> 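My questions all concern the structure below.
Reckoned from all heavy atoms, side chains included, excluding hydrogens, waters and symmetry mates. Model, not experiment: these values are computed from the prediction. By convention in this document, chain letters (A, B, ...) are assigned in the order of the sequence lines, proteins followed by strands, and residues within each chain are numbered from 1.
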Protein chains: 2
Amino acid sequence: MYSQISETPIFKGFNSDEVSDILKSTHHQIKTYEPKEIIAFSGEECNNLFVLVEGSIRGEAIDYNDKIIKIEDVFAPDTFAEAFLFADQNNLLINIVANTKSKILIIHKDDLLRLFHSNKKILENYLNIVSNRFVLVTKKLKFLSLKTIKAKLASHFIELSKKSKNKTIFLGKTQMELADYLGVTRPSLARTIKEMKDEGIIEVPGKMIRIIDYNKLKKLTE
Amino acid sequence: MYSQISETPIFKGFNSDEVSDILKSTHHQIKTYEPKEIIAFSGEECNNLFVLVEGSIRGEAIDYNDKIIKIEDVFAPDTFAEAFLFADQNNLLINIVANTKSKILIIHKDDLLRLFHSNKKILENYLNIVSNRFVLVTKKLKFLSLKTIKAKLASHFIELSKKSKNKTIFLGKTQMELADYLGVTRPSLARTIKEMKDEGIIEVPGKMIRIIDYNKLKKLTE
DNA sequence: CTCAATTTGTAACACTTGTTACATTTTTAA
DNA sequence: TTAAAAATGTAACAAGTGTTACAAATTGAG
């Protein structure tokens, strides 16, 4: 099991022997959860770092009509609920539920602080995780603040193009999935793609998107 | 000056003598900026913690047409650009510009790490700042994902009501400012307030908002 | 290959919000 | 107190997106 734990980002750079040593001198729990079991409840104070060693969990919000909305899946090896651990108001905004049988390493924040102090690398790992999470959320925020579907779509195409370093993008999604991802309806998305095609900004050969006019595309993201 | 620095959140709990001691053993710079001077450029890697000791700065984005969009003001004593300091991709997304003559304490992240290791309280302060920032951004995200003006407004009224623990809210803003804050236009905001009034959800005596039907209000935020 | 299921294209219409404009009320400064 | 400035109420219209519906094209399992 220590080798599994050494795969998680918070223990990056440690081998299983080192993980074993660290955990021997750090108060912690390891809990196993069954599928659908609730790991932590929305509203609860969250004073523990959760390290998902094995399995998969999800966060889900419950709206006014008791309808469940899935927010995010997390797969081992990873951590979750780590970014607001030291906030003044550290209440969970979502329920944490096991998708599959899951093994979770739980470290209280006070013990974590001690660990930070005795082990510089763990601290650096933690800071790295939290900072990366922050960058992600900030990007999401920037994306959400785009007002039109065209702007969102253009921004998305530019991101994909940057990643693949290619003017021709392969969309690994159906229109329906892409529409969901962008938070818009499928017919509206189709209409927007058509408009961009008509304006000579992109071509759509099959399941691909070819960027014809990068400047126009960029201008749309304002 | 040390007493000013001791007012900043990263040095919370230290008096000026202690701050003086800490800074004696920590590599740092103190720089002064004139109004409109650019402190850091968008795109630059950001490897320093900025502690705003005196004055006021702003973040501003520049769009494709070189139009400047103000993002956020920060007033001393506070820190900024701290949350993504340890991210893999730690490039600034905005320019940092001085509003007024400002004094800034600059600590490189390597020196900061050393400081964390030698001083537990500083580390805790930093973790607290970053976590709180994360909670703020997450709330903003949740807010932005609300689709209608009514939902945003309802959510805002509920927040204010929770804070003041009172069904009657004092809006310290003009409609124009509130509209800006919500990212909508002023006439649309006025129209929405009128609708909520007509539906018997709120009353608007003068500059106040009185919540009449809390349940209906809450239902609007879905 | 073939047929059913899925995905995509498209159109008509409704709803929400932005735009512009102007009248009215309130606030502020002289 | 009074005139100018700022804030607010409101209306007509435009733009963007959602909703619903259905046909055409594509995909996939047998």
> Atom CD1 of B:Ile149 to atom C1' of D:dG16: distance rounded to whole Å?
13 Å
> So do A:Phe84 and A:Leu93 actually touch side chain to side chain, heavy atoms under 4.5 Å?
no
> Considering only D:dT10, D:dG18, C:dT10, which nucleotide approaches the side chain of A:Ala190 most closely?
C:dT10
> Tell me the interatomic distance from A:Asp180, atom CG, to C:dT6, atom P, rounded to whole angstroms.
16 Å
> Which part of the nucleic acid does A:Lys150 contact within heavy-atom distance under 4.0 Å: base, sugar-phosphate only, or nothing?
nothing
> Between atom CZ in A:Arg191 and atom C1' in D:dA21, what is the gap in whole Å?
14 Å
> With rounding to the nearest 0.5 angstrom, report the CD1 to CD distance, A:Ile209 to A:Glu203.
10.5 Å
> Identify the heavy atoms of A:Thr168 and A:Met208 that sit nearest to each other, and give their distance.
CG2-CE, 3.8 Å
> Hey, does the side-chain of A:Arg186 have a donor or acceptor N/O within less than 3.5 Å of a partner on the base of D:dG18?
no
> Specify the separation, in whole Å, of atom CD of B:Glu177 and atom C1' of C:dT27.
14 Å
> Considering every strand and a 4.0 Å limit on heavy-atom distances, what is the contact class for A:Thr148: base, sugar-phosphate, or nothing?
sugar-phosphate
> OP1, OP2 of C:dG9 versus side-chain N and O of A:Gln175: anything below 4.0 Å?
yes
> I want to confirm an ordering. Mapping B:Pro187 and B:Thr192 to their closest nucleotides on DNA chain C, which one lands closer to the 5' end?
B:Thr192
> Just call it for A:Ser188: base, sugar-phosphate, or nothing, with non-hydrogen atoms closer than 4.0 Å on any strand.
base
> Rounded to the nearest angstrom, tell me the gap between atom CG in B:Leu189 and atom C1' in C:dG18.
13 Å
> Within a radius of less than 6.0 Å around NZ of A:Lys147, do more than 12 heavy atoms belonging to other residues, nucleotides or ligands occur?
no
> How close or far is atom P of D:dA7 from atom CG of B:Leu171, stated in whole angstroms?
14 Å
> Reckon A:Lys207 has a side-chain N or O less than 4.0 Å from the OP1 or OP2 of C:dT8?
yes
> Round to a whole Å and report the spacing from CE of A:Met176 to C1' of D:dG18.
12 Å
> Have a look at A:Thr174 and say if it touches a base, only the backbone sugar-phosphate, or nothing, with a 4.0 Å heavy-atom cut-off.
sugar-phosphate
> Specify the separation, in whole Å, of atom NZ of B:Lys173 and atom C1' of D:dT8.
18 Å
> Check this for me, if you would: do B:Lys150 and B:Glu195 make a salt bridge, where the nitrogen-to-carboxylate-oxygen distance has to be below 4.0 angstrom?
yes
